[in-house]
Amino acid sequence: MQKILITGGTGFIGSHTAVELIAAGYECLILDNFVNSHPAVVNRIAQITGKTPLVIEGDVCDAVGLDTLFATHTISAVIHFAGLKAVGESVREPLRYYANNVNGTMTLLLAMMKANVKTIVFSSSATVYGEPDSSPIPESAPYRAASPYGRSKAMVESMLTDLTLSDPAWRVALLRYFNPVGAHPSGTMGEDPTGTPNNLMPFVCQVASGRLPMLSIFGHDYATADGTGERDYIHVMDLSEGHLAALRYLARDDAAPLLIANLGTSRSHSVLDVVTTFSRVNDLPIPYQFVARRPGDVSAYWADASYAEHTLGWKATRSLEDMCRDSWNWQKQNPQGYRN
Ligand code: NAD
Ligand code: UFG
């Protein structure tokens, strides 16, 4: 059985991917410092899969800890989710973001190189495209990241690309996620942001549960069909399946050393689409008001996800209805997230 190291494996996307990998017959070793997650998620993974993954509390910036980990465990590949992801926070604390996201990845790669583990799937983001010229966005669109967070992702992408050029034994997948939402259909795992959510779907869920009084829709005057911002929302279960597909691709004899793939649905939905769909499928009112645009927001963008489909044989299948229903199912069963 192949053992996969999942850094950040107790976070939102990592925990769902761990479930997917265990179901596919992989053994998972999770490394997380719990800076943005809760240890209770491990019991939920065990509940769903019937297997408890081994979890090491540790930091990807800790070179000694990583050397010990690789010396103790035979790892086939790494999926590297560990990172900080709040755009606004990255503007206020850029060095913290570069230290954690860039230096953390470099420390991880040095440890992997020493241990001769040369296969890695990296969590990148559509944020590397910034404000694109047009949508759908192909992988060939230029880097235009507009925040330290986005630039940290672009820097890591460059670092990993250089590595594959220097040594063809590396197998690297750079997966650029669009807007991950939704939750495990059991309602036992989902997104659990600390404090007031920055992102749309968790905010809508907390309005639905009465934890927050009203949604503020940022901007009603964009050049979109209904004037609100449009995004490519992707169900976290589809995203998890994308990681499994990438891992399988990298294990193929004919795999290219470097794979760069958008993970999205190739469709966009407006903020009002999300609100009305959520209300309809869950039969709940979502009070909202229109307020000024959020600084730094792009009006509309969505993926061209055809490359992932051709190369990985992967395609997102879940609808916005599924995303809204599963997000609410998680929220209503766990009103305080994993702190219940
Ligand atoms: P998350 O915050 O839920 O998960 C990240 C996990 O990494 C957390 O469990 C956190 O505790 C851990 N972590 C952070 N720094 C660490 C460190 N130095 N050492 C060990 N563990 C550390 O976020 P997520 O939504 O699951 O995102 C996972 C990855 O995907 C991140 O790299 C993020 O930047 C990227 N991404 C997320 C989105 C999104 O909207 N959720 C979009 C594009 C890309
Ligand atoms: N929005 C609101 N009200 C809110 C929150 C969001 O109207 O309370 C709107 C935004 O203006 C935007 C849409 O909902 O039009 C989506 O906003 P999110 O904050 O959910 O997501 P973003 O597209 O801004 O950014 C997310 C992640 C980034 C990541 C990016 C990748 O937060 O980390 O997707 O596409 F880089």
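Read the numbers this way: they start at 1 and go in the same order the structure lists the ligands and their atoms.
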Tell me whether Gly9 reaches ligand 1 (any heavy atom closer than 4.0 angstrom to a ligand atom). no

Quick one: does Tyr288 get within less than 4.0 Å of ligand 2, heavy atoms only? no

Could you tell me whether ligand 1 has any atom less than 4.0 Å away from a heavy atom of Ser124? yes

Heavy-atom proximity to atom 35 (C) of ligand 1 ranks first, among Ser37, Gly104, Ser123, for Ser123

With a cut-off of 6.0 Å (strictly less than), are more than 12 heavy atoms of other residues, nucleotides or ligands near CG of Asp253? no

If you count the atoms of ligand 2 from 1 in the order shown, which ones are under 4.0 Å from a heavy atom of Lys85? 33 (O)

Within 45 degrees of the axis of the six-membered ring of Tyr222 and under 6.0 Å from its centre: does Arg293 put its NZ or CZ there? yes

With a heavy-atom distance limit of 4.0 Å, tell me whether Pro197 approaches ligand 2 through its side chain, its backbone, both, or neither. neither

Would you please indicate yes or no on a ring centroid separation below 6.0 angstrom for Trp330 and Tyr338? yes

Residue, atom name and distance, where the atom is the protein heavy atom closest to atom 25 (O) of ligand 1: Lys85 NZ, 2.8 Å

If the condition is side chain to side chain contact (heavy atoms under 4.5 Å, CB included), which residues does Ser15 pass it with, not counting sequence neighbours? Val41, Ile45, Met189

For ligand 2, which atoms have a heavy atom of Tyr233 less than 4.0 angstrom away? 13 (C), 14 (O), 16 (C)

Going by the order shown, which atoms of ligand 2 are within less than 4.0 Å of some heavy atom of Ser125? 29 (C), 31 (C), 36 (F)

Have a look at ligand 2 and work out which part of Leu200, if any, has a heavy atom under 4.0 Å from it: side chain, backbone, both or neither. both

Using heavy atoms and a threshold below 4.0 Å, how should the contact between Ile13 and ligand 1 be classified: side chain, backbone, both, or neither? both

Per-atom contacts, ligand 2 versus Tyr149 - under 4.0 Å to a heavy atom: 33 (O), 36 (F)

In terms of atom number and element, which parts of ligand 2 are under 4.0 angstrom from non-hydrogen atoms of Ile217? 7 (O)

Among Phe34, Phe178, Tyr233, Tyr149, closest by any non-hydrogen atom to atom 33 (C) of ligand 1: Tyr149

